[in-house]
Student: 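Provided herewith is a single structure, encoded as structure tokens, for subsequent inquiry.
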Amino acid sequence: MSSLGSEVLQLWLDAMDFLTAVKKLRDPGKRERSLRAAVLTVAAAFEAFTNFLAERILQAGKIGGRELTEFEIDCLREKRKVLHPNGRIAEDTGRHGAKARFLLLLQLVSGGPDLAAGMRAELDSCFRTRDELVHPKPGVSIKLDENGKGEKAVGGFVKCAFLLSKVCGGRDLLSTRPHSFASLAERGAVVRQD
């Protein structure tokens, strides 16, 4: 992940610092605040990671020797073409969630199917926890320290990011790679079995 640029790396390091601080705290209020900071920061790091990787693939214009389709480019750029009532075609921002973009990137890089069911459920749980924090409901209290909910969310985001990083093999996507798309697909199949 160190090849992802200092801004992305710093978010990951900050999230880990917050989580490390939680382990040293005894005060329940401070533990909750540190867990909240860890979950929000790791969710931001996860999204920054997907954005950075998407941009690297867009700069390369292809993945594993295969040209990106126009639809894949639009999804990675978060733009879409729309037809206006006046008959003109225009670009519209088509924001996609970090989870959807992560899943697309994993499929593009691995050349394979979707995320394994267990890991998909874990990722969904991570995003539910994050969503509870950024979309609070009146009268609903969120306890991240109960049942390890906060730590599970942090760990799940990290695990999924490491999976995508492992499938990428840590290579610079802009350089000419000696490996074929088939070898990336094989690597992705092995990773999904782990």
Student: Can you give each donor-acceptor pair under 3.5 Å made by side-chain atoms of residues 44-51, sequence neighbours left out, with the distance rounded to 0.1 Å?
Tutor:
residue	atom	partner	partner atom	Å
Thr50	OG1	Glu47	O	2.8
Asn51	OD1	Arg101	NH1	2.3
Asn51	ND2	Glu47	O	3.3

Student: Go through the steps for Lys99 and Asp124 under the test side-chain contact (heavy atoms from CB on, under 4.5 Å), then give the verdict.
Tutor: CA-CA 8 Å; Lys99 181 171 42 172; Asp124 289 343; 3.0 Å; yes
Student: Would Leu11 end up clustered with Phe18 when hydrophobic side chains under 4.5 Å apart are linked, directly or stepwise?
Tutor: no
Student: Sequence neighbours left out, what pairs pass side-chain hydrogen bond (donor to acceptor under 3.5 Å, both in side chains) with at least one residue falling in residues 18-28?
Tutor: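 Every side-chain hydrogen bond (donor to acceptor under 3.5 Å, both in side chains) pair that includes a residue of residues 18-28, provided the two are not neighbours, is Lys23-Glu151.
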Student: Would you call Thr41 and Trp12 a side-chain contact if the rule is heavy atoms closer than 4.5 Å?
Tutor: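 Side-chain contact under 4.5 Å: no.
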Student: Looking at side-chain heavy atoms only, is the closest gap between Val154 and Met16 below 4.5 Å?
Tutor: yes
Student: Pairs of donor and acceptor atoms involving the side chains of residues 125-135, under 3.5 Å and at least two apart or interchain, shall be tabulated with distances.
Tutor:
residue	atom	partner	partner atom	Å
Thr129	OG1	Ser125	O	3.2
Glu132	OE1	Lys149	NZ	2.6
Glu132	OE2	Lys149	NZ	3.3

Student: Taking atom CG of Asp14 and atom CG of Leu40, what is their separation to the nearest 0.5 Å?
Tutor: 12.5 Å
Student: Atom SG of Cys160 and atom CG of Leu115: how far apart are they, to the nearest 0.5 Å?
Tutor: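 Rounded to the nearest 0.5 Å, the SG-CG separation comes out at 5.5 Å.
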Student: Rounded at 0.5 Å granularity, tell me how far CG in Leu103 sits from CG in Leu123.
Tutor: 6.0 Å
Student: Any donor and acceptor pair, going by atom type alone, linking the side chain of Arg31 with main-chain N or O of Leu25 inside 3.5 Å?
Tutor: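 Yes, the answer is positive, given that a donor and an acceptor are paired below the 3.5 Å cut-off.
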Student: Without swapping roles, check the side chain of Lys152 against the backbone of Asn147 for a donor-acceptor pair under 3.5 Å.
Tutor: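 Yes, the answer is positive, given that a donor and an acceptor are paired below the 3.5 Å cut-off.
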Student: Tell me the closest heavy-atom pair linking Leu35 and Val22, and the distance in Å.
Tutor: N-CG2, 3.5 Å
Student: Once rounded to the nearest 0.5 Å, what's the spacing between atom CD of Gln107 and atom CD1 of Ile63?
Tutor: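 The CD1 atom of Ile63 is 12.5 Å from CD of Gln107, to the nearest 0.5 Å.
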Student: Starting from Leu104, can I reach Phe162 by hopping between I/L/V/M/F/W/Y residues whose side chains sit under 4.5 Å apart?
Tutor: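 Yes, because Phe162 and Leu104 connect within a single hydrophobic cluster, where side-chain heavy atoms sit under 4.5 Å apart.
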Student: Can a salt bridge be assigned to the pair Arg77 and Glu91 using a cut-off of 4.0 Å between side-chain N and carboxylate O?
Tutor: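 Salt bridge flag = yes for Glu91 with Arg77.
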Student: Please determine whether a side-chain nitrogen of the Lys or Arg among Glu72 and Arg66 lies less than 4.0 Å from a carboxylate oxygen of the Asp or Glu.
Tutor: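 Yes, this pair counts.
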Student: Which distance, rounded to the nearest 0.5 Å, do you find between the CD1 of Ile57 and the CD1 of Ile73?
Tutor: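 Going from CD1 on Ile57 over to CD1 on Ile73, the span is 11.5 Å.
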Student: Evaluate the side-chain proximity of Val42 to Val158: yes if any heavy-atom separation is below 4.5 Å, no if none is.
Tutor: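 They are in contact (side-chain heavy atoms under 4.5 Å apart), so the answer is yes.
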Student: Around atom CG of Leu83, are there more than 12 heavy atoms from other residues, nucleotides or ligands closer than 6.0 Å?
Tutor: yes
Student: Sub-3.5 Å donor-acceptor pair from the side chain of Glu32 to the main-chain atoms of Asp145, do we have one?
Tutor: yes
